[in-house]
Amino acid sequence: MKILKKIIEPTIEIIFKDYNLEFHDYKNLIQIPRDTDVCDLCIPCFSLSKILKKSPIQIAEEIASKAKKIIGEDISISSINGYVNFYSDPKWLIKKIILEKYEFFEDDPKSKILIEHTSANPNGPFHVGRARNAILGDALVRLNRDYGNSVQAEYYVDDMGKQVGILAWAIENLTKEEIEKALQREGIEELNPMWKNKEDHVRVRWYQAANILRKDNLKIESELNEMINKSEEGDTEVLNQFYNAFQPILDGMLETLSKLGIKYDSFTNESQFIIDGSVSKIMEELKSSELYGVAENGAKYLELESKGVSGKSTKFFYQRGDGSSLYATRDLAYHKWKWTKSDKLINVLGEDHRLQSKQVSIALNELKIKSPEVIFYAFIKLPEGKMSTRKGNVVFMDDLIYEAEELALEILSQRKMGIEKSQAMNIAKSVASSAIRFNILKVSPEKGFTFKWEDALSFDADSAPFIMYSHARSCSIKKKVDNLEYIENNIDLNNIELNDSISKLLRTIMRYEDSIEKSVKENKPNHFCSYMLELSAAYNAFYRDCTIINENEVNNLFFKVSEYSRKIINRGCTALGIIPLDSM
RNA sequence: GGGCGCAUAGUGUAGUGGAUAUCACGCUGGCCUUCUAAGCCGGCAACCGGGGUUCGAAUCCCCGUGUGCCCGCCA
């Protein structure tokens, strides 16, 4: 819609000047209507009514008639119910978008962004709940890249402290028999043979067992504490031991994510900030904060009551009595470091981190460091309650992907008899990963939902396969046309009648930029998901009404529009992490 | 006890001040001799309750109800 706005804005500026209105203040009145069938852009005149002392209806009429004189016939302008409506002529759209090859986001300022997402403790395989973080984060990375921003996708590896310590201790001290006995006692299911060679599934059992055994065992607890303390001091031997324990798990986790098309540009270890001394420096600097306080045993904190934090405890501890740092302290050092890498920071966090994030934000403020943008997402529950890796009450992402692939294969075998096996597998994999991603992305992040196999495996109209199918149709047309002796000739727009379907498709394409921009600015991939469904539906209607190949004759204009749509759908799929297949 | 999120057809969801509240599942009636029916066209059905602000509220404010998360010198 930017292309249309560019035409309208100067005109409206002139008209507003006649009313003695400062255009800058009222620029935002030009907006996309909620119902995009009504028009492309509109100006609601209700707020002008008071200032101009006229009825909105009268104002809309005046603006419309003035604008008509300036803008001409490419855009039809009308006034209804106090709105000025702008509706672009489809032929003008063809000329501007298709024939003159309009480039998206050409004039927008671009920035350098670091998006930190997932950062899950490397102690076990991804379950569906933890994966929401990765899927959301990766979509933000892709959307920002589509917009033109330069993005670094970052995974913060928790390579020290309790979680990893427990794992490392278990692997060092427990035999397979011991852990299986402990797990059986607690009723944790046996390892699925399908994942018996995937280390995240194998080693998580040591982690779970250690959590059971240490409950009433002081000896284990003291051994553990010793290791954890050493790791927090930056002891390289212990950190190495930790690394050896968790890295195979992390590799397994990343393998799962790569099945979903999720990759990172950089991994940063938490211990780095202990080793390079930046954590100590932060702790030193915080002493000069007005919020600084010391507990009886020498532990240090910031008192956050005056900053709007309330509850049982308003103290934000950043240093223990023994002088060691805490997770949050390291997070402060980490943020300081991140700002050296980019102009904008985005973190993706679960809603359980809301308070923590606020505390970190205030502390950063005290250190004169900017806060990051944070996108919070609610948890995915199971019908029987919260998912927990420790308790083994989870749906593994690996299982979900497997089930989705099987279902896709089954549907494919019904639809396409005699399809080659490797090709079928490739399609099934793409459908499965795209559908799983989309089913999570289409829901607004702050909304919690209950996992249901039926919904997660939905390949129906409100899903990625719907979009992929439109894309495959456009590819199929391209293939057919390529096989014909097709001669591209000039299109004479004067002698063509255009129907509603093609017009709607073009107008939907025109909103691509607005939709990406909104998703990027508000960090809400679900906006763009809705848009892609709309775009695909618009293409399907065009496909129905505008026959491109008729008895080996190619309709030049329709083919050009189809090709343009194909590229846009393809681009939009990539921006969401949906795999745009040529055939399915 | 306190804080923070969320509440829209039977179900799941879109929509953060404006035009007849979106889309899908579901239920229901139609469309394959025409470029892939994972598709298309039609029908049914909803803003948690109560106040307030506003020319105008699903949207903003207050109270209530329900629900989730958090309030560790854990990560």
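The figures that follow rest on heavy atoms only: side chains count, while hydrogens, waters and symmetry mates do not.
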With 3.5 Å as the limit, what N/O pairs link the protein to nucleotides 8-13 of chain B?
none

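- An OP1 or OP2 oxygen of B:rG39 is reached within less than 4.0 angstrom by no side-chain nitrogen or oxygen of A:Arg544.
- The residue A:Pro56 sits apart from the nucleic acid: no heavy atom pair falls under 4.0 Å.
- In this entry the distance linking CD of A:Gln31 with P of B:rG17 reads 9 Å, nearest Å.
- Here B:rA19 sits opposite no nucleotide as a Watson-Crick or G-U wobble pair (both hydrogen-bonding atom distances under 3.5 Å).
- No donor-acceptor contact under 3.5 angstrom links the side chains of A:Asn347 and A:His353, judged on distance only.
- Spacing between B:rC55 and B:rG17 at atom C1', rounded to whole Å, works out to 12 Å.
- The same atom, C1', is picked in B:rC70 and in B:rC25; the two are 34 Å apart, to the nearest Å.
- A:Asn28 places its CG atom 15 Å from the P atom of B:rU16, with the value rounded to the nearest Å.
- A cation-pi arrangement is present between A:Lys386 and A:Phe379, with the terminal nitrogen or guanidinium carbon under 6.0 Å from the aromatic centre and inside a 45° cone about the axis.
- If you check B:rU53 for Watson-Crick or wobble pairing at under 3.5 angstrom, you find it has no partner at all.
- Across all strands shown, the partner of B:rG1 is B:rC71, judged by Watson-Crick or G-U wobble contacts whose two distances both fall under 3.5 Å.
- B:rC48 and B:rU8 have their P atoms separated by 6 Å, with the value rounded to a whole Å.
- Using the Watson-Crick or G-U wobble rule with both distances under 3.5 Å, B:rC44 pairs with B:rG26.
- Base pairing of B:rA58 is not made with any nucleotide, judged by Watson-Crick or G-U wobble geometry with both donor-acceptor distances under 3.5 Å.
- One interatomic measurement links the two molecules: NZ of A:Lys504 to P of B:rC41, which rounds to 9 Å at whole-angstrom precision.
- Between the side chains of A:Ser78 and A:Asn85, no donor-acceptor pair is found at a separation under 3.5 Å.
- Taking both residues in full, the closest heavy atoms of A:Ser306 and A:Leu291 are given as OG-CD2, 3.8 Å, listed atom of the first, atom of the second, then distance.
- Taking atom NE2 of residue A:His527 and atom P of nucleotide B:rU22, one finds them 18 Å apart after rounding to whole Å.
- Here the side chain of A:Leu412 is nearest to one of B:rA38, B:rC40, B:rC6, namely B:rA38.
- Per the geometry, CZ belonging to A:Phe438 stands 12 Å off P belonging to B:rA14, to the nearest Å.
- Here A:Leu533 contributes atom CG and A:Ser463 contributes atom OG; the two are 8.0 Å apart, rounded to the nearest 0.5 Å.
- Contact annotation for A:Met468: no contact, since no heavy-atom pair falls under 4.0 Å across all strands.
- Heavy-atom distances to RNA chain B give each of A:Ile427 and A:Asn81 a nearest nucleotide, and the one nearer the 5′ end belongs to A:Asn81.
- What separates CG of A:Asp35 from P of B:rU20 is a distance of 10 Å, to the nearest Å.
- B:rA19 and B:rC60: their P atoms are spaced 16 Å apart (whole Å).
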Test A:Ile80 against A:Val38 for side chain to side chain contact (heavy atoms under 4.5 Å, CB included), laying out the working first.
CA-CA 10 Å; A:Ile80 310 156; A:Val38 176; 5.5 Å; no

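- Anti is the conformation of B:rC70, whose glycosidic angle sits further than 90° from 0.
- In terms of heavy-atom proximity, A:Ser583 sits nearest to A:Gln423 at OG-NE2, 4.0 Å.
- When the P atom is compared between B:rU22 and B:rU54, the two are found 29 Å apart, to the nearest whole Å.
- By the 6.0 Å and 45° rule, A:Lys287 does not stack over the aromatic ring of A:Tyr292.
- For the C1' atoms, the distance linking B:rC31 with B:rG15 amounts to 32 Å, nearest Å.
- In this model, a donor atom of one side chain and an acceptor atom of the other lie less than 3.5 Å apart for A:Glu116 and A:Ser119.
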Which parts of nucleotides 62-75 of chain B does protein reach within less than 4.0 Å, heavy atoms only, written one letter per nucleotide 5' to 3' as B for base, S for sugar-phosphate only and - for none?
------SSSBBBSB

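- Summarising the geometry, the separation between OH on A:Tyr377 and P on B:rC6 is reported as 17 Å, rounded to the nearest angstrom.
- At a threshold of 4.0 angstrom between heavy atoms, the contacts of A:Arg34 include nucleobase atoms, whether or not backbone atoms are also involved.
- Nucleic acid contact for A:Cys475: none, since no nucleic acid atom lies under 4.0 Å from a heavy atom of the residue.
- Side-chain nitrogen and oxygen atoms of A:Lys518 include at least one within less than 4.0 Å of the OP1 or OP2 phosphate oxygen of B:rU16.
- When both pairing distances are held under 3.5 Å, B:rC6 makes a Watson-Crick or G-U pair with B:rG66.
- Within 4.0 Å of A:Cys42, counting heavy atoms only, lies at least one base atom of the nucleic acid.
- Comparing A:Lys524 and A:Glu446, the nucleotide of RNA chain B nearest to each residue sits closer to the 5' end for A:Glu446.
- Within the 4.0 angstrom heavy-atom criterion, no nucleotide atom of any strand lies near A:Lys358.
- Cation-pi check for A:Arg507 over A:Tyr87 is met; the charged atom lies under 6.0 angstrom from the ring centroid and within 45 degrees of its normal.
- Nucleotides B:rG29 and B:rG12 place their C1' atoms 24 Å apart, quoted to the nearest Å.
- Residues satisfying the side-chain contact (heavy atoms from CB on, under 4.5 Å) criterion with A:Ala299, sequence neighbours excluded, are A:Ala295, A:Asn297, A:Phe317.
- With both ends at atom P, the span from B:rC6 to B:rG30 equals 44 Å, rounded to whole Å.
- Atom pair A:Ile59:CD1 and B:rA19:P shows a separation of 18 Å (rounding to whole Å applied).
- Side-chain contact annotation: A:Asn123 with A:Arg203, donor-acceptor N/O pair under 3.5 Å absent.
- Across all strands shown, B:rG39 forms a Watson-Crick or G-U wobble pair, both distances under 3.5 Å, with B:rC31.
- Looking at heavy-atom distances under 4.0 Å, A:Ser47 makes contact with a base.
- With no hydrogens or angles considered, no side-chain donor-acceptor pair links A:Gln319 and A:Ser324 at under 3.5 Å.
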